[in-house]
Amino acid sequence: MELINRFCNSFLFWAAWIIIPVLMEIIPSLGSVFVLIKKHVLHKDIIRPAIDPEISLIIPIYNSMDTLEQCIRSIDESDYPDDKIRIFLVNNQGQDDSFQVFCECQRKFPLLRMQWLNAKQGKSKALNLALFNSEGKYIIHIDSDGLLERSALRNMVYRFEDDPSIECMTGVILTDPKQVQDYPLFMPRLLRKIEFMEYAQAFLAGRNYAEEVNAVYTLSGAFSAFRKSAVLKSQLYNTDTICEDTQITFQMKYLQKTKVGICEDAIFFVDPIEDMNKLYTQRQRWQRGSLEVSHLFLKNKLKARNMLTNVGVRTLLYDHTFAFPRMIWYLALLCLLCMNYSFAQIGYSTLFLYGLYVLIGIFYYISTVGFLKGFKEIRSYYIKQWYVILFLPFFNLLVFFIRFAGVINSINTDSAWKTKNFSQERESFVKTVAKDFGVITHLLHKVRKFVNDD
């Protein structure tokens, strides 16, 4: 009996620690390697269409005067014909001189057809206004604070032309390597290298695997594209959520039953993360937006049996339901010492988990190197950052706690684009703790006074 109890305790201990990374992360990472091999074996060259179709580029503008010109310049320098591009810049109540930058860009890039539109406040409203004014066969959205890789537009349009079954696609989002290297201090630069690695692996490895199993969860709000005939049949962008990109993705998947793809050779560069406050608000916003959209589309499908067949249910369970037992296990490490588990056993098991997550990073690293084959400079930079894989598990753990905080905050607060950053949350926490302890101290003081008076 003692042997059976020891086996059960050991099995449950190890299973509880490794089942989530094995099922949710290691299997998809292995899948990405197989997807890469399959794509190389079955690769066929995309045939260039006889006539380049006309496209509409939609750029939401909100206080974008510092980045707008370089964004438009990247469009002008792309290898897609200027006369086939119609650009809509939609201002949603910005307060800076973005319009003056637009006027200057008209002079600098005379071959680009650009039109300025004024919309009500909110990115969704800006996008919807431009959709109604759009022309051409395809509609492509990009953010005003990023840069298109030279062949991004052409590669995305040609992928549409080659595969009529694809109605919408996300591009690949990478942080700009040049800006990453511009940070002079080691630790800030390392943080941004980790972010670069995270983005590269998430889009090039993770989403390629997701596309293969028809499980792309969200189109990137920074760079995505639609067939005009498909997106105009949708309910357009929802103005009541802070995650409009996920909401329209769910529309395409669940309402229109269309295929959502990724164009792995269409790259859009964004600025690296500014600081911890920016990371904190960004990831919380994503988490809260995911919860909102899931409530709209999945509230009647949240059953355990749908976990293996529905990517939305699976992601929701992993990000939210599994978050609580994961949090309990993290906080229970010290308690395990009181349950006949030795410090060495706990340490070795934690080290084993860390090794599993590093293994995941290696699989994704290999896949990503393969997908970057056509981009020599980016690929070379990515390969040189191999050592960053060792830090990714710690970064992902940090992001987990941030996203978990987003789950908690979404319970008792309304949806809003602007949320408390890390510094504000910390200040609020300190004040709350001080207030609570102040109440306890006051009570103790009263008890002490009562006892002494007696």
- Task: Evaluate side chain to side chain contact (heavy atoms under 4.5 Å, CB included) for Q115 paired with R86, printing each intermediate quantity in order.
- Result: CA-CA 8 Å; Q115 182 176 348; R86 179 77 181 274; 2.5 Å; yes
- Are R207 and E211 ion-paired here, with the side-chain N under 4.0 Å from a carboxylate O? no
- Item | Counterpart residues, side-chain contact (heavy atoms from CB on, under 4.5 Å), relative to F99 (two or more places apart) | F102, C103, W116
- Task: For the residue pair T368 and E264, establish whether any side-chain heavy-atom pair is separated by less than 4.5 Å.
- Result: no
- Query: Sub-3.5 Å donor-acceptor pair from the side chain of E195 to the main-chain atoms of I273, do we have one?
  - Reply: yes
- Query: Short question: side chain of Y365, backbone of I383 - any donor-acceptor pair under 3.5 Å?
  - Reply: yes
- Item | Atom pair CG/CZ of D176 and F269 - distance to nearest 0.5 Å | 6.5 Å
- Message: How long is the straight-line distance from NZ of K253 back to CZ of F250, given to the nearest 0.5 Å?
- Response: 7.5 Å
- Are any non-hydrogen side-chain atoms of I85 and R113 less than 4.5 angstrom apart? no
- Task: Could you grab the distance from atom CZ of F196 to atom CG of L174, nearest 0.5 Å is fine?
- Result: 5.5 Å
- Note on the structure: Residues A225 and I140: closest non-hydrogen pair is CB-CG1, 3.6 Å
- Query: Does the side chain of L397 come within less than 4.5 Å of Y357's, by heavy atoms?
  - Reply: no
- Verify whether one side chain among Y62 and D96 offers a donor that lies under 3.5 Å from an acceptor in the other. no
- Item | Exercise: identify the closest heavy-atom pair between P49 and E161 | CB-OE1, 3.9 Å
- Query: Is it true that a side-chain atom of Y199 and a backbone atom of V172 form a donor plus acceptor pair closer than 3.5 Å?
  - Reply: no
- Message: Is there a side chain to side chain contact (heavy atoms under 4.5 Å, CB included) between N133 and V90? Walk through the geometry before answering.
- Response: CA-CA 11 Å; N133 287 274; V90 194; over 6 Å; no
- Message: Quiz question: by atom type and distance under 3.5 Å, do the side chains of E104 and Q100 form a donor-acceptor pair?
- Response: no
- Any luck finding a side-chain donor-acceptor pair between S144 and S64 under 3.5 Å? yes
- Item | D163/K259 ion pair, N-O < 4.0 Å | yes
- Message: I'd like to know if R159 and D265 make a salt bridge, using a cut-off of under 4.0 Å between side-chain N and carboxylate O.
- Response: yes
- Rounded distance [0.5 Å steps], CG in L89 versus CG in N118: 11.0 Å
- Query: Do the non-hydrogen side-chain atoms of D52 and P81 ever get within less than 4.5 Å of each other?
  - Reply: yes
- Message: Closer than 3.5 angstrom, by distance alone: can the side chain of T249 be matched with the main-chain N or O of L219 as a donor-acceptor pair?
- Response: yes
- Message: Quick check: closest heavy atoms across T281 and K278, and the distance to 0.1 Å?
- Response: OG1-O, 3.1 Å
- Smallest heavy-atom separation, G206 atom then Y364 atom, equals N-CE2, 4.0 Å
- Item | I59 side, atom CD1; L127 side, atom CG - distance, nearest 0.5 Å | 11.0 Å
- Does F132 CZ have over 12 foreign heavy atoms under 6.0 Å away? no
- So do the side chains of T170 and D245 get within less than 4.5 Å of each other, counting heavy atoms only? no
- Between the main-chain N or O of E135 and the side-chain N or O of E54, is there a donor-acceptor pair closer than 3.5 Å? no
- Check: L390 and Y354 side chains under 4.5 Å, non-hydrogen atoms: yes
- Item | Distance-minimising heavy-atom pair for F88 and S56 | CE1-OG, 3.8 Å
- Task: Side-chain contact test, heavy atoms from C-beta onward, threshold under 4.5 Å: evaluate it for I55 versus K84 and give yes or no.
- Result: no
- In short, side chain to side chain donor-acceptor pair (under 3.5 Å) pairs touching residues 223-233 with sequence neighbours left out are Y138-R227
- Task: Kindly assign one of parallel, tilted or perpendicular to the pair F268 and F223, based on the angle between their ring planes and the thresholds 30° and 60°.
- Result: tilted
- Item | Given Y209, Y382, F371, the one that forms side chain to side chain contact (heavy atoms under 4.5 Å, CB included) with L204 | F371
- Is there a donor-acceptor pair under 3.5 Å between the side chain of N396 and the backbone N or O of L392? yes
- Query: Hey, mind stepping through F395 and M197 against side chain to side chain contact (heavy atoms under 4.5 Å, CB included) and telling me if it holds?
  - Reply: CA-CA 11 Å; F395 179 80; M197 180 75 71; over 6 Å; no
- Message: Is it the case that the side chain of S74 and the backbone of C71 share a donor-acceptor pair, with hydrogens and angles ignored and the cut-off at 3.5 Å?
- Response: yes
- side chain to side chain contact (heavy atoms under 4.5 Å, CB included) between K137 and F160: does it pass, once the steps are laid out? CA-CA 10 Å; K137 190 174 182 180; F160 270 126; over 6 Å; no
- Item | Exam field: side chain R189 to backbone Q181, donor-acceptor pair closer than 3.5 Å | no
- Query: To the nearest 0.5 Å, how far apart are CZ in F375 and CD1 in I267?
  - Reply: 4.0 Å
- Message: Is there a side-chain contact between Q385 and Y387 in this structure, where contact means two heavy atoms from C-beta onward sitting under 4.5 Å apart?
- Response: yes
- Out of R283, K193, R192, which one pairs with E198 under the salt bridge (charged side-chain N to carboxylate O under 4.0 Å, His left out) rule? R283
- Note on the structure: On a heavy-atom basis, the closest approach of I166 and G261 is CG2-N, 4.4 Å
